[in-house]
Structures are given as C-alpha cells and as structure tokens.
Amino acid sequence: QVQLVESGGGLVQAGGSLRLSCAASVGANPRAWYRQAPGKQRELVAAIYSSGHTNYADSVKGRFTISRDNAKNTVYLQMNSLKPEDTAVYYCHARGSFGQDYWGQGTQVTVSS
C-alpha cells in the first residue's frame, strides 16, 4: 500500500521560513505540493518533473523552492519569506506507476502577521 508521509508544517511569523518534506513508499513518485486554505479550492503550489523542470504558482515564485531526493523518494518544499496568505493545509501529491493519484494526509502551515 502506497504511503506518503508529510512533515515540517507549523506556526511561523511573517517573513519566516519552513521546510516541508514528503517521503513516499515504493510505488509512488512524489512530484508536487498543493495547498488548500479555508473556504478555497485546492491549488497547485509547486511541481517538479522527471526532467528536473519545476513549475510554481505565481504567488510563490521567488519565495518557494521545490526539490527532490530520488534516493530517498522524497520531495521537499522550502518556503521563505512566508506571508499570512500562505496559511493553508499543504498536501503532497504523488503519481503511481500506472498514473494513479496519491495524496498525503496534509500538514498545516500557519503564518501569523
């Protein structure tokens, strides 16, 4: 059974930093981070492709960096210069060998002003 284990969320003041981690079990390729704020739809924050190419939401460009450690089958999201509007539950997304979608349990990020 595929498992995604997320960690690194928490409470931070505006301007601070957090690093999220998502470790995937065998059978899943972690590839992206999404977030969902209260009353809003889930949105893509950042994605990393097998080529190494990355893609970011406009709202986080220049502040967030997605990276991957293939040996550990883990994807990271370094978040700097955090803003109150970054407050949300952050979800790791992974793709299975046959294109299945897998989601982490979510980790809360709260940025105080």
Find out if a path of hydrophobic residues (ILVMFWY) with successive side-chain heavy-atom gaps under 4.5 Å connects [X] to [Y].
X     : Y      : value
Val75 : Val109 : yes
Tyr56 : Tyr34  : no
Trp33 : Leu18  : yes

Are Lys61 and Asp58 within salt-bridge range, i.e. N to O under 4.0 Å? yes
Return the [atom1] to [atom2] distance between [X] and [Y], rounded to the nearest 0.5 Å.
X     : Y      : atom1 : atom2 : answer
Arg35 : Arg42  : CZ    : CZ    : 13.0 Å
Cys22 : Trp103 : SG    : CH2   : 10.5 Å
Leu4  : Tyr102 : CG    : OH    : 9.0 Å
Tyr91 : Gln36  : OH    : CD    : 5.5 Å
Cys92 : Arg31  : SG    : CZ    : 10.0 Å
Met79 : Thr65  : CE    : OG1   : 11.0 Å

Which residue is it: Val45, Leu20, Thr54? I am looking for the one with a side chain to side chain contact (heavy atoms under 4.5 Å, CB included) to Ile66. Thr54
Side chain to side chain contact (heavy atoms under 4.5 Å, CB included), paired with Thr110, selected from Leu11, Val89, Leu82: Leu11
If you compare all heavy atoms of [X] against all heavy atoms of [Y], which two are closest, and at what distance to 0.1 Å?
X      : Y     : result
Ser113 : Ala14 : CA-CB, 4.4 Å
Pro30  : Asn73 : CD-OD1, 3.3 Å
Ile48  : Arg68 : O-NH1, 3.7 Å
Ala28  : Ala94 : CB-CB, 4.0 Å
Ser17  : Asn80 : OG-OD1, 2.9 Å

Hey, is the main chain of Thr74 close enough, under 3.5 Å, to the side chain of Asp69 for a donor-acceptor pair? no
Is atom CD of Gln3 surrounded by more than 12 heavy atoms (other residues, nucleotides or ligands) closer than 6.0 Å? no
Plane angle bin for Tyr90 and Phe64 - parallel if under 30°, tilted between 30 and 60°, otherwise perpendicular: tilted
For residues Asp101 and Arg95, determine if any side-chain heavy atom of one lies less than 4.5 Å from a side-chain heavy atom of the other. yes
Take Val111 and Gln13, measure what side-chain contact (heavy atoms from CB on, under 4.5 Å) needs, and give me the verdict at the end. CA-CA 5 Å; Val111 184; Gln13 288 187 332; over 6 Å; no
